Amino acid sequence: MRPPAPDDDVPPPSGLAITIPVARPRPHALRQAAVTIYVTLLLLGLLIPGSIVGALRERPPGPVTDVALALAEPIHAGLERLGVPALYGALKERFRAVSCGAPDSGNPC
Amino acid sequence: MLFPTIEFAVFFAAIFPVAWALNERNTAKKLLLVAASYLFYSFWDWRFVLLLFGSSAGNFLIGLVLARLDTEPRLRRAVLIAGVGANLLLLCYFKYYNFFAIEVVNSLATLGLRLDVSLVEVTLPVAISFLTFHGISYVVDVYRRTIPATRSLLDVLLYVSFFPHLVAGPIVRASEFLPQAELRSDPDEIELGRSAMLILGGLFKKVVIANYIGTNFVDGVFADPASQTSLDLVLASYAYAIQIYCDFSAYTDIAIGVASLLGYKFPQNFDQPYRATSLREFWRRWHITLSRWLRDYLYIPLGGNRRGQPRALANLMITMVLGGLWHGANVTFMIWGAIHGAALVLEHLVAGRGRDGSASLSRPTSPVRAVLGWLVTLHVVCAAWIFFRSPSLEAAFTYFARMAQSGEWTTTMSPFVAALVLIGAATQFVPPDMQRRLGRGFDAAPMPAKIALCTAAIYAIAVFAPAGVPPFIYFQF
């Protein structure tokens, strides 16, 4: 007598369809990850200056928020003088025009 | 706290160095991650932190009892049933109490019976389904002796609450996570390239593709299907298929990437599902961790295919309907599951069985059959999505009726949204290993290039982003 057919809809529990990959060791991987993450975040904080100040202003007031705002606002003001937020705003506006079409196009952007 | 927000970036930036600084002391690292996960969860509703702890601690105790009763099979089984039942009770109370109470009252009313059932205002805790899945996975894996019951409450707390997967998966098995939690992570095994590709790709899929398609087209069509043209209704069903894929796969991609940066490996959750040429293949590519959870903890315990074909097909149907119901207390989700169940049953019957008695599952050999199979699968999936997305059964039927009757073939879909739908569709047909190759390229690049790429990509995504980030679709489940 033939044994019961294996359950073919799904692989057996022990032989997962998914294998969790085993990473190849990369020397200094942690240092590389840390530098990439923090420098990227710093650059983004500078290039999109309103983001940090805006997020802080939306938070409920408190000592931590106040200190963070006191640090962030002068940097934000300095970047504004350099025109960094203006570039971001202009790019966003240009993209909005492309994605939404003309103001009377009826697209609810 | 959503992944694509500044709050999460700050949260992760604070956790990352401390977690790795504590890596030599694994217990301290896990304590930090549990505290961080509870903080992450408390951003939604701090009261449910107690629920999270209670659920995890309860499952930990059940595991210990199961280990104690190693030579008492009947008692073990009783404890298993009690444990799984307790998990399901929690889920049912929060998610289905009012739904079933209303259904029972309405059913009895049609028979002329009047029943007073008090409805309670239940606030649905975020991630309750995923907590339940992880809890059941732990209890059942211990019962099946796939893993030994852990003596560390901390490990179970971390397994259930670990913030990358806490809210919307992927559903990580206890047997996959707990062995990782026991060991110190190796900092040299951080896959920066792969993580970066998953996170950047996930941000693009969620913030740009899913959000634009949703807010600028799909939401409007589904909100009032009765006043849409046939073409808009057809296009919205395809667009929603892309939106939900981009939304959900984005969450799990980011979760996998974030967990990997902290030294933990999660299983893959999506594998280009819309290129499937059969429903069976679709379920091997869509929400893979849910598919295998349903298989291992529902379909197989129901008997799987061990009791003949009629019973196997019935089990398949039950599994899919319950899988649908898991998504929410609404008949539309059950119908969505039933459509998938019926299509899978039909495939089984049509495919027949091979010489060895197993259903023939191999991919179609002829290109014509492959294309036909792909077309049929895609359209069954898209039709089922209409039930899934519609707020009520009536709205879904209106959607289909209007699609057939309107006869108007004009569209309000903008070229930009159409382009995003096409980009989303194109992600299904790029080489499957492209992400891994890009990750390897990223790893090989010098540090300034890595930073420039990440900065430019996130800056561009921020430029493209519509105002505000709606929650991920799967948060409601």
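Small disclaimer: the values here were computed from a predicted structure and weren't measured. So you know, we letter chains A, B, ... as the sequences are listed, proteins then strands, and number each from 1.
- A tilted orientation is assigned to the rings of A/Y38 and B/F16, their planes being inclined by 30° to 60°.
- Residues satisfying the side-chain hydrogen bond (donor to acceptor under 3.5 Å, both in side chains) criterion with B/T411, sequence neighbours excluded, are B/D232.
- Residues B/K450 and A/Q32 come closest through the heavy atom pair NZ-OE1, 2.7 Å.
- Along residues 452-460 of chain B, the residues that come nearer than 4.5 angstrom to chain A, judged on non-hydrogen atoms, are B/C454, B/T455, B/I458, B/Y459 in order of number.
- With a 4.5 angstrom heavy-atom cutoff, B/I451 touches chain A via backbone and side-chain atoms both.
- Going from atom CG of B/D188 over to atom CZ of A/R31 covers 10.5 Å, rounded to the nearest 0.5 Å.
- Nearest heavy-atom pair, A/A29 versus B/I190, reported as atom, atom and distance to 0.1 Å: CB-O, 3.7 Å.
- Taking every heavy atom of both residues into account, A/T36 and B/F442 meet most closely at CG2-CZ, 4.4 Å.
- B/N23 CG to A/L30 CG: the interatomic distance, rounded to the nearest 0.5 Å, is 8.0 Å.
- Interface remark: A/L91 contributes backbone and side-chain atoms alike to the contact with chain B (heavy atom separation under 4.5 Å).
- When the side-chain hydrogen bond (donor to acceptor under 3.5 Å, both in side chains) test is applied to B/D271, no partner is found at least two apart in sequence or on another chain.
- Every residue two or more places apart in sequence or in another chain was checked for a side-chain hydrogen bond (donor to acceptor under 3.5 Å, both in side chains) with B/R307, and none qualifies.
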